[in-house]
Amino acid sequence: QVQLVESGGGLVQTGGSLRLSCALSGPTFNPWNTYTVAWYRQVPGKDREYFTSINWSSGVPRYIDSVQGRFVLSRVTRENTVYLHMNSLKPEDTGSYYCAAKTGTYSDIDLDYKYWGQGTQVTVSS
């Protein structure tokens with residue numbers, strides 16, 4: 001069992017910044033294993049949308065085009081935590097943000113992710 005706890009959401013104005021955190025723990029979490037940790041965003045009435053992920057071992061992130069250059073995903077292995085720095089926020093970035101983890105390498109398919117956090121709300125006002 002791998003547990004994920006998100007934090008850092010809130011209300012911000014357009015153009016502002018937020019930092020989200022996703023802390024990994026649990027009886028079967030082994031920081032020496034290969035994991036992919038992803039972030040999804042969900043708005044009411046729509047499916048969860050993948051927008052970024054990171055390879056836990058290498059620290060190499062991936063982004064979709066709409067957040068490339070605005071968001072920065074990183075991990076601090078000694079803290080077992082993934083950080084999502086979100087800059088130049090737009091109203092369309094509003095939603096519930098979830099981190100998710102899977103063993104193995106990259107996927108943008110939510111069904112591939114076995115472990116999910118509880119979510120944190122991000123609201124960007126215009």
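Numbers here simply count residues along the sequence, with the first being 1. Just so it is clear, the values below take in all heavy atoms, side chains as well, and ignore hydrogens, waters and symmetry mates.
- Gly8 and Leu18 make their closest contact through O-CD2, 3.9 Å (heavy atoms, listed as atom of the first residue, atom of the second, distance).
- Scanning both residues, Ser88 and Ser17, for their nearest heavy atoms gives N-OG, 4.4 Å.
- Hydrophobic clustering (side-chain heavy atoms under 4.5 Å, transitive across Ile, Leu, Val, Met, Phe, Trp, Tyr) keeps Leu89 apart from Tyr83.
- For Val60, the side-chain contact (heavy atoms from CB on, under 4.5 Å) partners at least two apart in sequence or on another chain are Ser58.
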Show, in sequence, the C-alpha distance, side-chain angles and deciding distance for Trp39 and Glu6, and conclude whether the side chain to side chain contact (heavy atoms under 4.5 Å, CB included) test is met. CA-CA 10 Å; Trp39 284 89; Glu6 302 104 333; 3.8 Å; yes
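- Listed for the Arg41 side chain is no donor-acceptor partner under 3.5 Å among the backbone atoms of Gly95.
- Criterion: ILVMFWY side-chain heavy atoms under 4.5 Å apart, direct or through other members. Under it, Val67 and Tyr106 are part of a common hydrophobic cluster.
- With rounding to the nearest 0.5 angstrom, the OG1 atom of Thr103 is 14.5 Å from the CH2 atom of Trp56.
- The side-chain heavy atoms of Gln121 and Leu11, taken from C-beta on, include no pair separated by under 4.5 Å.
- With values rounded to the nearest 0.5 angstrom, Ser126 atom OG is found 14.0 Å from Lys90 atom NZ.
- Counting heavy atoms from C-beta on, the side chains of Tyr35 and Val82 never come closer than 4.5 Å.
- Among residue pairs with one or both ends in residues 71-126, those qualifying as disulfide bond (SG atoms under 2.5 Å apart) are Cys22-Cys99; sequence neighbours excluded.
- Distance alone, capped at 3.5 Å, is enough to place a donor-acceptor pair between the Thr14 side chain and the Ser125 backbone.
- A donor-acceptor contact shorter than 3.5 Å is absent between the side chain of Asn55 and the backbone of Thr36.
- Distance check, rounded to the nearest 0.5 Å: CD of Gln42 to OG of Ser96 gives 6.5 Å.
- Cluster annotation: Ile64 and Leu73 are assigned to the same hydrophobic cluster (Ile/Leu/Val/Met/Phe/Trp/Tyr, side-chain heavy-atom contacts under 4.5 Å, transitive).
- The nearest pair of heavy atoms linking Pro31 to Asn80 is CB-OD1, 3.8 Å.
- Within the 4.5 Å cutoff, the side chain of His85 has heavy atoms near those of the Arg19 side chain.
- Rounding to the nearest 0.5 Å gives a distance of 13.0 Å between OH of Tyr98 and CG of Leu20.
- Remark: side-chain polar atoms of Thr28 are paired, donor with acceptor, to backbone N or O of Gln1 under 3.5 angstrom.
- Closest approach of Gly59 and Ile54 over heavy atoms only: O-CD1, 3.5 Å.
- The line from CG of Asp108 to CD of Glu49 is 10.5 Å long, rounded to the nearest 0.5 Å.
- In this structure Tyr40 satisfies the ring-ring contact (aromatic ring centres under 6.0 Å, His included) test together with Tyr50, Tyr113, Trp116, sequence neighbours excluded.
- Counting heavy atoms from C-beta on, the side chains of Ser66 and Phe51 never come closer than 4.5 Å.
- Taking 4.5 Å as the limit, every side-chain heavy atom of Arg75 sits out of range of all side-chain heavy atoms of Leu24.
- When the options Val12, Asp93, Val124, Val122 are evaluated for a side-chain contact (heavy atoms from CB on, under 4.5 Å) with Met86, the one that passes is Val122.
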